[in-house]
Amino acid sequence: MPRLVPEPYRIKVVEPFRLTTRAEREAILTAAGYNIFFVKSEEVYIDLLTDSGTSAMSDAQWAGMMVGDEAYACCRNYYNLKGTISDIFGFRYFVPTHQGRAAEKVLFAAMLKPGDYVPSNTHFDTTHANIEAVGGHAVDLPIAETLVPTSRHPFKGNMDVERLRRFIADVGAQRIPLAMLTITNNSSGGQPVSLANVRAVKEVLAQYGIPLFIDACRYAENAYFIKQREAGYADKTTLEIAREMFSYADGCTMSAKKDGLVNIGGFLAMNDERLYQRASQLLVLWEGFITYGGLAGRDLEAMARGLWEALDEKYLQHRIGQVHYLAERLLEQDVPIVEPPGGHAVYLDARRFLPHIPQAQLPGQALVAHLYLEGGIRAVEIGSVMFAHKDKTTGEWKYPELELVRLAIPRRVYTQTHLDYVADVIIELYRKREQVRGMRYTYEPPFLRHFTARFEFV
Ligand code: P71
């Protein structure tokens, strides 16, 4: 049996929830057209749809909400957040935003011209879309191991530095106004980026005068992986590691809905004064005055406190321990998952889980449906429903390399007993996997299919 360190917190407030019956879930899922996005939260038992905005706040954060200063301009919580960002991230300037993608929108509107390129280890979907929205090209340059589900590389989130060098030589530095690193690399399964990689990326960029921005969503989880895995960092604190990571960057975007431990919030930070001025203009246009950026004073306070709490090593040990505990319990029973597990989620490999279902019959979606039917668990498909597309010239369907189902673990929300329940449901389902049938669309929307499509079993 794998072991999990006990929770470094105790429960002061509880939110009752109930497991529906199998018959209820069958009716609910049929009514939802087998699309888990249409199932009411109250009808879900364990919700692993995302780790974003789903954290439980601490008593200190809730206390901070009560000292929210709701003045329109220059509220006290803004200065507390400014101090926090300066202490942890080291950037001179910042603007608050209502969440991560708003920070991205402001950044790219301020820095990109149509036709520009932005290389990254892997851009998250919203980052990719915000770059393309202003006419730019989002380019992913991950190391080769990133795409191999069974590779146990310790820093599978890294950028391929040689590819970056060649890419800059090919398109020319003048068409690359910035480069990015997503830490941890969500699209590769929450895999960490090493400090050696951040340093090497920065070195290449510095030769060409290209600024580096970090997508810092899961910066604390990334710092913890560095402490665990990178030579020379075992005795550093996660705060020292975070400071070193950001010392190589010129700015960052942040969705505080992850390692900010809040339900809403984000920011864009930078050292360049001219960029700060441009960002401030756009912020006023889109988000709100530069000292609140689409948030209430109380939200800024909860974010400032959450950013510190996320670096607590006892919390991180338990947090990442939970993800690894679930992964270990599944691996013990040979359930196929992406290895090694990352910082925020376990990914089931649907092609190996359901080898009898061809990709055209959506094995990932079938697995998502069964996790709900068997156990009231909500997971999300990251496979053919999300990414398959018709080839423009041949008209043939192209299916993605990986057919995954993500089990994202909310922070400080579930206990070991909940995780054991999830593992038991999945292991039981794996034992009777031959009985699972494929799925087909009954309604297939033209774009962003996964949010609104409807399905039935073949
Ligand atoms: C996740 C999310 C939330 C999400 C967003 C869009 C569709 C489905 C789920 C959000 C991220 C992220 C990274 C690395 C920026 C954002 C956007 N992730 N960068 O994984 O993971 O932040 O949601 O606050 O706008 O479920 P935002």
Side-chain angles (χ1 to χ4, degrees), residues 35-37 47-55 95-108 118 120-133 138 140 142 146 156-157 159 180-193 213-222 225 245 249 251-269 286-287 293-295 299 302-303 306-307 310 323 338 341-347 368 378-383 385-387 404-411 413 447-453:
N35 186 334
I36 205 76
F37 284 96
D47 202 343
L48 308 182
L49 186 67
T50 180
D51 66 320
S52 177
T54 52
S55 301
V95 289
T97 59
H98 78 278
Q99 62 185 85
R101 68 196 73 182
E104 295 162 6
K105 183 182 178 195
V106 169
L107 176 67
F108 301 130
V118 185
S120 172
N121 50 349
T122 314
H123 290 289
F124 183 66
D125 312 33
T126 56
T127 322
H128 192 106
N130 271 300
I131 291 169
E132 310 259 314
D140 297 334
T146 300
K156 243 173 138 175
M159 186 188 243
M180 293 190 79
L181 279 173
T182 312
I183 65 167
T184 58
N185 189 345
N186 187 2
S187 312
S188 75
Q191 300 292 335
V193 175
F213 275 71
I214 291 180
D215 176 337
C217 288
R218 298 179 179 87
Y219 73 98
E221 290 168 8
N222 202 88
F225 278 117
M245 287 190 308
C252 74
T253 57
M254 176 77 192
S255 168
K257 297 172 74 170
K258 286 82 170 172
D259 279 352
L261 294 170
V262 287
N263 305 116
I264 196 73
F267 62 83
L268 167 64
W286 290 327
E287 289 281 286
L295 295 168
D299 298 327
M303 181 166 28
L307 289 167
V323 177
V338 176
H344 69 292
V346 173
Y347 292 70
V368 168
R378 172 148 62 184
V380 68
E381 194 255 20
I382 304 184
V385 177
M386 214 175 252
F387 296 123
L404 305 179
V405 169
R406 183 177 83 168
L407 308 162
I409 312 296
R411 295 169 183 77
V413 170
F447 58 91
L448 290 176
R449 202 166 29 206
H450 51 290
F451 290 118
T452 54

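Computed from a predicted structure; not experimentally measured. Below, all heavy atoms of this structure are taken into account, side chains as well, without hydrogens, waters or symmetry copies. Both counts, for ligands and for their atoms, begin at 1 and track the order of listing.
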Asker: Within the 4.5 Å heavy-atom criterion, are T182 and T122 side-chain neighbours or not?
Answerer: no
Asker: Check whether the side chains of H98 and D299 place a donor and an acceptor atom closer than 3.5 Å, and report yes or no.
Answerer: no
Asker: With sequence neighbours left out, what residues match F451 under ring pair (Phe, Tyr, Trp, His ring centres under 6.0 Å)?
Answerer: F37
Asker: Restricting to salt bridge (Lys or Arg N to Asp or Glu O under 4.0 Å), what partner residues turn up for R218, sequence neighbours left out?
Answerer: D51
Asker: Return the set of residues passing salt bridge (Lys or Arg N to Asp or Glu O under 4.0 Å) with D140 (not counting sequence neighbours), or none when no residue passes.
Answerer: none
Asker: For ligand 1, what is the set of protein residues having any non-hydrogen atom at a distance below 4.0 Å?
Answerer: T50, S52, Q99, G100, R101, E104, F124, T126, T182, N186, D215, C217, R218, S255, K257, K258, R406
Asker: Please assess V368 against V380 for the test side chain to side chain contact (heavy atoms under 4.5 Å, CB included), listing each intermediate value before the final yes or no.
Answerer: CA-CA 6 Å; V368 168; V380 68; 5.8 Å; no
